[in-house]
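The block underneath contains the structure these notes are about, expressed in structure tokens.
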Amino acid sequence: MDLEGSITFCYRQEDFSNILLQEINEYQSKVIYNQSEFNLRCEWGPQGVAELAPISDVVVIVDVLSFSTCVEIATNNGAIIFPYAIRDESVIDYAKSVRAELASYRQRWTTTGYSLSPKSVVQIPAGTRLVLPSPNGSFLTLHTGNTPTLAGCLRNCQAVAQFAQKYGDKIAVIPAGERWKDDGSLRPASEDLIGAGAILSYLYGSLSPEAEVAVATFQAFQQDLPGYLKKCSSGKELIEKGFESDVELSAACNVSDCVPLFTDNAYVNYRLQG
């Protein structure tokens with residue numbers, strides 16, 4: 001081998017080593033963060049969905065205040081809820097395209113329409129098609145790919161857990177969290193961790209440490225969920241704006257057997273399928 005050939009060979013060896021090292025690092029990262037050695041997994045927000053959804057049999061989105069609670073109440077009444085992740089004018093055209101009404105995304109509740117306020121959908125008629133914009137619950141729902149997706153909250157925690165296990169034993173529960181107003185980064189929300197723990201407490205299988213923390217958090221506060229939700233940051237924010245009834249509706253635990261299933265771009269009560 002001449003000098004030029006030797007140099008080329010060395011470069012190829014170095015390239016191969018770099019590629020191999022990169023693949024090893026990526027593999028180790030996935031193994032570390034995807035909780036794959038456990039059947040029951042729990043991780044926050046968009047990164048949680050990205051890590052857990054591809055390797056799980058089903059994903060449960062938990063956004064207690066208020067997306068998941070709204071979806072549960074509305075679909076329990078027979079409504080069809082279309083999530084939409086972006087809160088801008090494009091949602092108007094989307095609502096028209098799916099022949100649906102549009103929930104307010106500038107105000108949580110008005111006397112003339114629907115919104116992210118659970119109170120606003122308590123009397124929603126069966127068959128209503130409603131687009132529900134949300135930067136958290138909707139966004140996560142629309143990024144679970146082909147993995148079956150359910151909306152879970154405190155109200156339907158046992159029903160969702162039992163239904164989820166019909167898909168298999170690898171279950172990802174995603175507490176949505178909120179967004180900091182200054183930079184849009186994830187703000188872990190205690191009410192979502194409690195909601196995730198409520199669902200996980202009814203599941204059977206090996207819990208990841210993250211899932212165990214969620215269950216322990218739920219168990220620590222389950223005796224006074226309304227009191228705690230009213231004192232947590234998200235609850236105080238809603239109460240200050242005049243929406244204490246939303247917190248009370250969201251704090252009701254295990255009062256519904258409705259399981260919102262995401263299918264054909266919308267959440268529906270699974271019992272109404274077929």
>> Could you report the tightest heavy-atom contact between L52 and E43, atom names first, then the distance?
In response: CD1-CB, 3.7 Å
>> For residues W44 and L140: do they belong to one hydrophobic cluster (side chain heavy atoms under 4.5 Å, members Ile, Leu, Val, Met, Phe, Trp, Tyr)?
In response: no
> Same cluster for Y202 and L200 if Ile/Leu/Val/Met/Phe/Trp/Tyr side chains link at under 4.5 Å?
Replying inline: no
> Taking the inter-plane angle between the rings of F262 and Y267 on a 0 to 90° scale, is it parallel (under 30°), tilted (30 to 60°) or perpendicular (over 60°)?
Replying inline: tilted
> Do the side chains of V64 and V215 join up, straight or via other hydrophobic residues, at under 4.5 Å, putting them in one cluster?
Replying inline: yes
>> More than 12 heavy atoms of other residues, nucleotides or ligands under 6.0 Å from CD of Q123: yes or no?
In response: no
> Closest heavy-atom contact between Y84 and S90?
Replying inline: OH-OG, 2.8 Å
> Are any non-hydrogen side-chain atoms of D224 and P226 less than 4.5 angstrom apart?
Replying inline: yes
>> According to a hydrophobic-cluster definition based on side-chain heavy atoms being under 4.5 Å apart (Ile, Leu, Val, Met, Phe, Trp, Tyr only), do L229 and L193 belong together?
In response: no
> Are any non-hydrogen side-chain atoms of T217 and S190 less than 4.5 angstrom apart?
Replying inline: no
> Taking it one step at a time, do E210 and R41 satisfy salt bridge (Lys or Arg N to Asp or Glu O under 4.0 Å)?
Replying inline: CA-CA 7 Å; E210 292 82 358; R41 302 120 181 208; over 6 Å; no
> Are I81 and Y114 connected in the hydrophobic side-chain network, where two residues link if heavy atoms are under 4.5 Å apart?
Replying inline: yes
>> For residues 64-78, which residue pairs pass the salt bridge (Lys or Arg N to Asp or Glu O under 4.0 Å) check, not counting sequence neighbours?
In response: E72-R155
> Any side-chain heavy-atom pair from Y204 and Q165 closer than 4.5 angstrom?
Replying inline: yes
> What are the two closest heavy atoms between S234 and L65, and how far apart are they?
Replying inline: CB-CD1, 3.8 Å
>> Any side-chain to backbone donor/acceptor pair from S250 onto L154? Under 3.5 Å, distance only.
In response: no
>> Evaluate E237 against K241 for salt bridge (Lys or Arg N to Asp or Glu O under 4.0 Å), listing each step before the verdict.
In response: CA-CA 7 Å; E237 179 184 17; K241 294 178 179 179; 3.4 Å; yes
